[in-house]
Amino acid sequence: TLQALIFDVDGTLAETEELHRQAFNETFAEWGLDWSWSRDDYRVLLKTGGGKERIAAFQATLPEGARRLSGDEIKALHKDKTTRYGALIAHGHLELRPGVADLIEKAREAGLKLALATTTSRPNVEALTRACWGKAAADVFPVIASGDEVAHKKPDPEIYNLALKRLGLPPKDCMAFEDSRIGLHSAMGAGLPVVVTPSLYTDEEEHMGAAHRIPDLSRQNWPLMLVARLCSD
Ligand code: XBP
Ligand code: MG
């Protein structure tokens, strides 16, 4: 039986990627780099999970002789980007995607365990739960596996395997929620059934292998398994 829900963060809980993109571009400018990622660029760049990894993938496409950052510089720039992103979230009007708050509340009431498996780092998770729930991340999601804790980011299954280990549950008793193809593959690699709600940047992707692909998590879209588990009263 279903015992836990494991959520991706960016794109699944909220449409955060525009804020990430803004934070990247502002930080590039602050560092004197003439890099600027358009929406079209970012759609492709998002196929590389993780900000530092994404910058490295981007640098690999630059012409010979172009300015490149060292690994240490990427780390330092990304730290600045995280600070900027946190400020954007704190002072912006970020909203959870439709149905997310309700589903999480119902799941908690039904005694399901709640977890996160995200490629982004822990400070960004804290910024989001603070902005959207007014709570610390651990008070909403007792189990959290974040990108800074694993060697291999999505689509590798490591992050979902870590969340499962912390939950102490087999994958068949859990359900993962993702918005992207790399996230879907990460969760599937850990043996999890996956509900995909495509987001602004992933709505043109193929999501083969998903147990369900639905526009959002509002109640009329819930898969039968969730309805049975959460609306049994
Ligand atoms: C999405 C990502 C992240 C964010 C940027 O993570 O790939 O890299 O775009 O965050 P998920 P960082 O969907 O798994 O939550 O710059 O902190 O990596
Ligand atoms: Mg995502």
Side-chain angles (χ1 to χ4, degrees), residues 1-17 49-50 96-122 124-126 128-129 132-133 135-199 202 207 209-214 216-219 221-230:
T1 51
L2 184 60
Q3 297 200 53
L5 307 184
I6 311 176
F7 291 88
D8 165 51
V9 173
D10 294 305
T12 300
L13 294 183
E15 291 283 6
T16 48
E17 289 297 355
L96 294 169
R97 287 188 62 189
V100 168
D102 186 41
L103 170 59
I104 286 171
E105 196 186 313
K106 289 281 174 309
R108 189 182 305 102
E109 282 169 13
L112 294 190
K113 292 186 182 172
L114 294 166
L116 292 181
T118 175
T119 291
T120 202
S121 56
R122 185 65 183 255
N124 293 346
V125 178
E126 295 293 338
L128 187 135
T129 60
C132 295
W133 277 277
K135 289 181 183 172
D139 291 338
V140 188
F141 300 96
V143 167
I144 299 175
S146 55
D148 35 8
E149 298 183 283
V150 293
H152 307 102
K153 296 187 178 170
K154 298 174 188 176
D156 193 283
E158 193 176 348
I159 194 79
Y160 276 98
N161 283 326
L162 180 62
L164 285 169
K165 193 174 142 207
R166 289 182 178 159
L167 282 164
L169 291 170
K172 67 168 179 45
D173 290 346
C174 305
M175 190 173 254
F177 295 81
E178 273 289 350
D179 69 304
S180 71
R181 188 173 153 87
I182 60 168
L184 167 68
H185 286 189
S186 171
M188 277 168 53
L192 287 153
V194 189
V195 176
V196 175
T197 52
S199 58
T202 61
H207 297 120
H212 304 276
R213 188 184 194 269
I214 52 182
D216 62 48
L217 292 174
S218 53
R219 196 181 293 209
N221 294 322
W222 283 1
L224 265 181
M225 190 182 179
L226 270 177
V227 175
R229 187 71 168 82
L230 303 182

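These values consider heavy atoms only, across backbone and side chains, with no hydrogens, waters or symmetry-generated copies. Note that the numbering runs from 1 along the sequence shown for the chain.
- Taking all atoms of both residues into account, the shortest heavy-atom contact from Ile144 to Ala138 is CD1-N, 4.0 Å.
- A donor-acceptor pair is defined here as one N or O able to donate and one able to accept, closer than 3.5 Å; no such pair exists between the side chain of Glu105 and the backbone of Asp102.
- A pairwise comparison of heavy atoms in Thr12 and Arg97 identifies O-CD, 3.5 Å as the closest pair.
- His207 places a side-chain heavy atom less than 4.5 Å from the side chain of Arg181.
- Looking at heavy atoms from C-beta onward, Thr129 lies out of side-chain contact with Asp139 at the 4.5 angstrom threshold.
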- [ ] Check the pair Asn124 / Asp10 against side chain to side chain contact (heavy atoms under 4.5 Å, CB included), numbers first and verdict last.
- [x] CA-CA 10 Å; Asn124 293 346; Asp10 294 305; over 6 Å; no
TODO: Would you please test Phe177 and Ile6 for side chain to side chain contact (heavy atoms under 4.5 Å, CB included) and show each step?
DONE: CA-CA 6 Å; Phe177 295 81; Ile6 311 176; over 6 Å; no
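- Once rounded to the nearest 0.5 Å, the distance linking CD of Glu109 with CG of Leu230 reads 9.5 Å.
- A salt bridge does not link Asp148 with Arg122: every distance from a Lys NZ or Arg NE/NH1/NH2 to an Asp or Glu carboxylate oxygen is 4.0 Å or more.
- Aromatic ring pairs are classed by plane angle as parallel below 30°, tilted from 30° to 60° and perpendicular above 60°; the pair Trp133 and Phe141 is perpendicular.
- Scanning all heavy atoms of the two residues, the minimum distance from Gly11 to Thr16 falls at N-OG1, 3.7 Å.
- Put simply, the side chain of Leu13 reaches to within 4.5 Å of the side chain of Ile104, judged on heavy atoms.
- Between the side chains of Asp179 and Ser199, a donor-acceptor pair is found at a separation under 3.5 Å.
- If you take CG on Leu2 and CE on Met175, they are separated by 6.0 Å, rounding to the nearest 0.5 Å.
- Between the side chains of Asp216 and Thr197, no donor N or O sits under 3.5 Å from an acceptor N or O.
- No side-chain heavy atom of Asn221 sits less than 4.5 Å from a side-chain heavy atom of Arg219.
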Task: Step-by-step side chain to side chain contact (heavy atoms under 4.5 Å, CB included) determination, Asn161 to Glu158 - done: CA-CA 5 Å; Asn161 283 326; Glu158 193 176 348; 5.6 Å; no
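- Looking at heavy atoms from C-beta onward, Val125 lies in side-chain contact with Leu116 at the 4.5 angstrom threshold.
- Here the side chains of Leu226 and Leu5 are in contact, with some heavy-atom distance below 4.5 Å.
- Looking at heavy atoms from C-beta onward, Tyr160 lies in side-chain contact with Lys154 at the 4.5 angstrom threshold.
- Closest non-hydrogen pair, Leu114 versus Ala107, comes out as CD2-CB, 4.0 Å.
- Contact check for Lys106 versus Trp222: side-chain heavy atoms found under the 4.5 Å cut-off.
- In terms of heavy-atom proximity, Ile159 sits nearest to Ser186 at CG2-OG, 3.7 Å.
- The existence of a salt bridge linking Glu178 and Arg213 is excluded, since no basic side-chain nitrogen approaches an acidic carboxylate oxygen closer than 4.0 Å.
- For Glu126 (side chain) and Ala137 (main-chain N/O), a donor-acceptor pair under 3.5 Å exists by modelled atom type.
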Open item on the list: Under the criterion side chain to side chain contact (heavy atoms under 4.5 Å, CB included), I'd like the reasoning laid out for Asp156 against His185: C-alpha separation, chi angles, the key distance, then a yes or no.
Closed with: CA-CA 7 Å; Asp156 193 283; His185 286 189; over 6 Å; no
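- Shown here for Lys135 and Val140, the closest heavy-atom pair between the two residues is CB-CG2, 3.9 Å.
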